[in-house]
Amino acid sequence: MAKIKPIECPDAPAAIGPYSQAVSAGNFLFISGQIPIDPQTGTVVSGGIEAQTEQVLKNLKNILIFSGLDFNDVVKTTVYLKSIGDFQKFNEIYAKSFQNDPPARACVEVSALPKGVLIEIDAIAIEK
């Protein structure tokens, strides 16, 4: 049976509800949806979809590094956009983090996200 361990990375925003930032289960890491909160200030970053996407990816990266992984270990992401009209700008920034063998991905428009943010991304990674 796989050992399940909650992950709490100090360089990513603390969970704002009854969930863990991430959970390690066997060789898998399941990262909860990350929104564009600066973990140092606890506030949502300003600057539109570009700045918010960069912060979300930074939060994901910090959780991955804390867990001994990186973007190359990500096998699946789910992206939630407040407006699908932001897809092109988001995609340009996202592509910089996943240049080699990008993971499987779903991207959907949603009616609302926590704290009124424009984007949220969750991820699944595997220790190779």
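Sequential numbering from 1 along the given sequence is applied to the chain's residues. Excluded from the calculations below are hydrogen atoms, water molecules and symmetry mates; all remaining heavy atoms, backbone and side chain alike, are included.
Counting heavy atoms from C-beta on, the side chains of Val44 and Ile35 never come closer than 4.5 Å. Asp70 is not listed as a side-chain neighbour of Lys61, based on a closest heavy-atom distance of 4.5 Å or more. Residues Phe30 and Ser20 have side chains not in contact (no heavy-atom distance under 4.5 Å, counting atoms from C-beta outward). Residues Ser67 and Leu64 are not in side-chain contact: their nearest non-hydrogen atoms beyond the backbone lie 4.5 Å or more apart.
Closest approach of Val74 and Ala123 over heavy atoms only: CG1-CB, 4.2 Å. Here the closest heavy-atom approach between residue Val45 and residue Ala51 is recorded as CG2-O, 3.8 Å. A pairwise comparison of heavy atoms in Pro39 and Asp11 identifies CG-O, 3.5 Å as the closest pair. Listed here is the closest heavy atom pair of Ala22 and Ile31: CB-CA, 3.9 Å.
Remark: side-chain polar atoms of Gln21 are paired, donor with acceptor, to backbone N or O of Ala12 under 3.5 angstrom. Formation of a donor-acceptor pair under 3.5 Å by the Gln99 side chain with backbone atoms of Lys96 is found in this model.
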Query - side-chain contact (heavy atoms from CB on, under 4.5 Å) between Asp73 and Ile126, worked out - result: CA-CA 6 Å; Asp73 300 308; Ile126 187 167; 5.6 Å; no
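When the side chain to side chain donor-acceptor pair (under 3.5 Å) test is applied to Thr78, the partners found at least two apart in sequence or on another chain are Lys76, Asp122. By the ring pair (Phe, Tyr, Trp, His ring centres under 6.0 Å) test, Tyr94 is found to be paired with Phe90, Phe98, residues two or more places apart in sequence or in another chain being considered. The side chain to side chain donor-acceptor pair (under 3.5 Å) search around Asn72 returns none, not counting sequence neighbours.
Each of Val79 and Ile124 belongs to its own hydrophobic cluster when Ile, Leu, Val, Met, Phe, Trp and Tyr are linked at side-chain heavy-atom distances under 4.5 angstrom.
Every pair passing side-chain hydrogen bond (donor to acceptor under 3.5 Å, both in side chains) that includes a residue from residues 26-44 is listed here, sequence neighbours excluded: Thr41-Thr43. Listed by first and then second residue, the ring pair (Phe, Tyr, Trp, His ring centres under 6.0 Å) pairs that reach into residues 103-127 come to none, sequence neighbours excluded. Pairs of residues two or more places apart, or lying in two chains, that qualify as side-chain hydrogen bond (donor to acceptor under 3.5 Å, both in side chains) and include a residue from residues 46-58 are Gln55-Asn59.
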Please table the atom pairs, donor to acceptor, closer than 3.5 Å between any side-chain atom in residues 103-121 and protein atoms at least two apart or in another chain.
residue: Arg105; atom: NH1; partner: Asn91; partner atom: OD1; Å: 2.8
residue: Arg105; atom: NH2; partner: Asn91; partner atom: OD1; Å: 3.0
residue: Glu109; atom: OE2; partner: Ile84; partner atom: N; Å: 2.8

